[in-house]
Amino acid sequence: MRIATWNVNSINARLPTALTVIGGLEADIVCLQELKCEDHKFPREAFEDLGWNVATHGQKTYNGVAILSKLPFDEVLPRLPGDDTDEQARYLEAVVSTGGTAVRVASIYLPNGNPLGTEKFTYKLAWFERLRLRARELRDYEELCVLAGDYNVIPRDEDCYDPAAWKGDALFQPESRAAYRALLNLGYTDAFMAADGGIHRYTFWDYQAGAWPKDHGIRIDHLALSPQATDRLKSVKIHRAARGLEKPSDHVPISADLAI
DNA sequence: ATGTCGATACTTTATCGA
């Protein structure tokens, strides 16, 4: 089974590109982030016509997450628990099963957190802690579980071109990295690190300043695997070519192959 | 040194978020 995650940066601004990219993934499950539309504006039929089951949790203008699955959904849970006043659509969880094996997948769009010293960074860390608490609950289910998405965290210095350029950025702060490590320390495994671990392997290149032609990217899209999922991990692929297409997202998909 | 993109609205350019 191949599980992919991709920050599409508006599903409606690049639907033809998105259909091409998603088709090329040859995935069974695709987590999407930054839909930038409400649920009724998601192009559901375009995906259903291609055989996808579609679950969305969107909002107007900002954020929004979805899960596409070739297998039917047994369960769909929008919203991250822990703060009923949080109106930002950044979390969607679903369960599918095949051959008696259940797989739980979450599509995650972690807050960016910039600029530092504002409530945006505080919100990022608070949201991260809510995610950790949910991840701890899910770990104790002892299921195959994949927490996939745009974490807005650069885990290592080697996950960016120039660490000095990111020094003052929320994605590179010690607190952000510590929060990501705390999630992994529950027992989750960063699929890329387990299967590859290479340096300067990016999933995002800014639209500005020629970041893509100069390969000045960052690795911020991650798949965190529960122990049961980690035992099944075969390989991880970063779908880098997507960044060179017409009207690309600033992120590319990353996928993990599990022996299921 | 510079360089972008997408959504929105008291819109046709400014603003915000990334």
Side-chain angles (χ1 to χ4, degrees), chain A residues 5-22 31-44 46 56-66 80 86-92 107-128 131 148-155 159-173 175-177 179-180 202-222 239-254:
Chain A
T5 181
W6 184 32
N7 180 322
V8 66
N9 187 19
S10 172
I11 189 65
N12 287 312
R14 65 187 94 267
L15 183 59
T17 304
L19 291 170
T20 302
V21 168
I22 291 167
C31 298
L32 297 174
Q33 299 87 35
E34 279 209 88
L35 307 178
K36 294 188 173 178
C37 66
E38 294 169 289
D39 290 338
H40 70 274
K41 297 230 173 121
F42 186 91
R44 169 178 285 271
T56 63
H57 176 47
Q59 70 177 90
K60 198 171 181 180
T61 310
Y62 304 122
N63 312 316
V65 287
L80 182 64
D86 186 358
E87 292 180 352
Q88 301 192 29
R90 297 179 173 275
Y91 186 88
L92 178 64
S107 181
I108 291 165
Y109 180 43
L110 216 124
N112 175 295
N114 280 306
L116 296 180
T118 69
E119 70 289 343
K120 290 178 187 296
F121 190 60
T122 311
Y123 174 68
K124 176 180 194 151
L125 297 179
W127 202 96
F128 228 139
L131 178 62
D150 176 0
Y151 279 76
N152 270 315
V153 172
I154 303 166
D159 295 317
C160 65
Y161 171 74
D162 178 13
W166 291 92
K167 193 166 180 286
D169 196 283
L171 282 61
F172 202 70
Q173 291 313 294
E175 295 96 325
S176 305
R177 289 170 152 190
Y180 185 58
Y202 310 130
T203 63
F204 168 93
W205 296 260
D206 201 285
Y207 290 121
Q208 298 187 68
W212 167 244
K214 291 195 280 198
D215 198 24
H216 291 184
I218 52 178
R219 186 173 68 90
I220 55 173
D221 298 272
H222 310 302
H239 301 262
R240 185 182 161 95
R243 189 62 176 80
L245 300 177
E246 282 293 304
K247 248 179 111 62
S249 169
D250 40 7
H251 296 249
V252 298
I254 176 170

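The chains referred to below are lettered A, B, ... by the order of the sequence lines, with proteins before strands, and numbering in each begins at 1. All of these numbers come straight from a predicted model, not from anything done at the bench.
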(message) We want to know whether Glu246(A) and Thr17(A) form a side-chain donor-acceptor pair, criterion being a heavy-atom distance below 3.5 angstrom.
(response) no
(message) Going by side-chain contact (heavy atoms from CB on, under 4.5 Å), Tyr109(A) matches just one of Leu35(A), Val65(A), Thr5(A), Leu92(A). Which one?
(response) Val65(A)
(request) Using the P atoms only, state how far dC16(B) lies from dC10(B), rounded to an integer number of Å. (result) 15 Å
(request) Round to a whole Å and report the spacing from CD1 of Ile11(A) to C1' of dA7(B). (result) 15 Å
(request) Please determine, for the side chain of Tyr207(A), which listed nucleotide (dC5(B), dG17(B), dA7(B)) has the closest atom? (result) dC5(B)
(message) Please tell me if Thr61(A) has a side-chain N or O lying less than 4.0 Å from either OP1 or OP2 of dG6(B).
(response) no
(message) For a quick check under 3.5 Å, do Asn9(A) and Tyr207(A) share a side-chain donor-acceptor pair by atom type?
(response) yes
(request) Ignoring backbone atoms, test whether Lys247(A) places a side-chain nitrogen or oxygen under 4.0 Å from the OP1 or OP2 oxygen of dG6(B). (result) yes
(request) Assess the side chains of Asp221(A) and Asn7(A): does a donor N or O sit below 3.5 Å from an acceptor N or O? (result) no
(message) Please report the distance, rounded to the nearest Å, between CG in Asn7(A) and C1' in dA18(B).
(response) 9 Å
(request) Identify the residue among Leu116(A), Ile154(A), Asn114(A) that makes a side-chain contact (heavy atoms from CB on, under 4.5 Å) with Gln173(A). (result) Leu116(A)
(request) Quickly work out the Phe121(A) CZ to dG17(B) C1' distance and round it to whole Å. (result) 17 Å
(message) Both conditions, 6.0 Å and 45 degrees, for the charged tip of Arg219(A) above the ring of Phe204(A): are they met here?
(response) no
(message) I need the residues from residues 208-219 of chain A with at least one non-hydrogen atom less than 4.0 Å from DNA chain B; give them sorted by number, or say none.
(response) Gln208(A), Ala209(A), Lys214(A)
(message) Whole angstroms only, please: what is the CZ-C1' distance between Arg90(A) and dG17(B)?
(response) 10 Å
(message) Please pick, from dA18(B), dA7(B), dA9(B), the nucleotide with the shortest atom-to-atom distance to any side-chain atom of Lys60(A).
(response) dA9(B)
(request) Determine the contact category for Phe204(A): base if any of its heavy atoms lies under 4.0 Å from a base atom, sugar-phosphate if only primed atoms, P, OP1 or OP2 are that close, otherwise nothing. (result) nothing
(request) Considering only atom P, compute the distance from dA1(B) to dC5(B) and round it to an integer number of Å. (result) 23 Å
(request) Output yes when at least one side-chain N/O atom of Lys120(A) is less than 4.0 Å from OP1 or OP2 of dG17(B), else no. (result) yes
(message) Both His251(A) and Pro248(A) contact DNA chain B. Which one's nearest nucleotide lies toward the 5' end?
(response) Pro248(A)
(message) Between dT2(B) and dG6(B), how far apart are the two P atoms, rounded to whole Å?
(response) 23 Å
(request) Can you tell me the distance, in whole Å, between the CZ atom of Arg243(A) and the P atom of dT4(B)? (result) 12 Å
(request) For Leu35(A) and dA7(B), give me the distance from atom CG to atom C1', rounded to whole Å. (result) 14 Å
(request) Take Gln88(A) and Asp206(A), find for each the nucleotide of DNA chain B with the closest heavy atom, and name the residue whose nucleotide sits nearer the 5' end. (result) Asp206(A)
(request) Write down the distance separating the P atoms in dA7(B) and dG3(B), rounded off to the nearest Å. (result) 22 Å
(message) Counting the benzene-type ring for Trp, do His216(A) and Tyr202(A) have ring centres under 6.0 Å apart?
(response) no
(message) Using a strict threshold of under 4.0 Å (side-chain N to carboxylate O), is an ion pair present between Arg240(A) and Asp215(A)?
(response) yes
(request) Would you kindly give the CG-to-P distance between Asn9(A) and dC5(B), to the nearest whole Å? (result) 11 Å
(request) Whole angstrom is fine here: how far is it from OH in Tyr62(A) over to P in dT8(B)? (result) 9 Å
(message) Would you say Arg14(A) places a side-chain N or O within less than 4.0 Å of OP1 or OP2 belonging to dG6(B)?
(response) yes
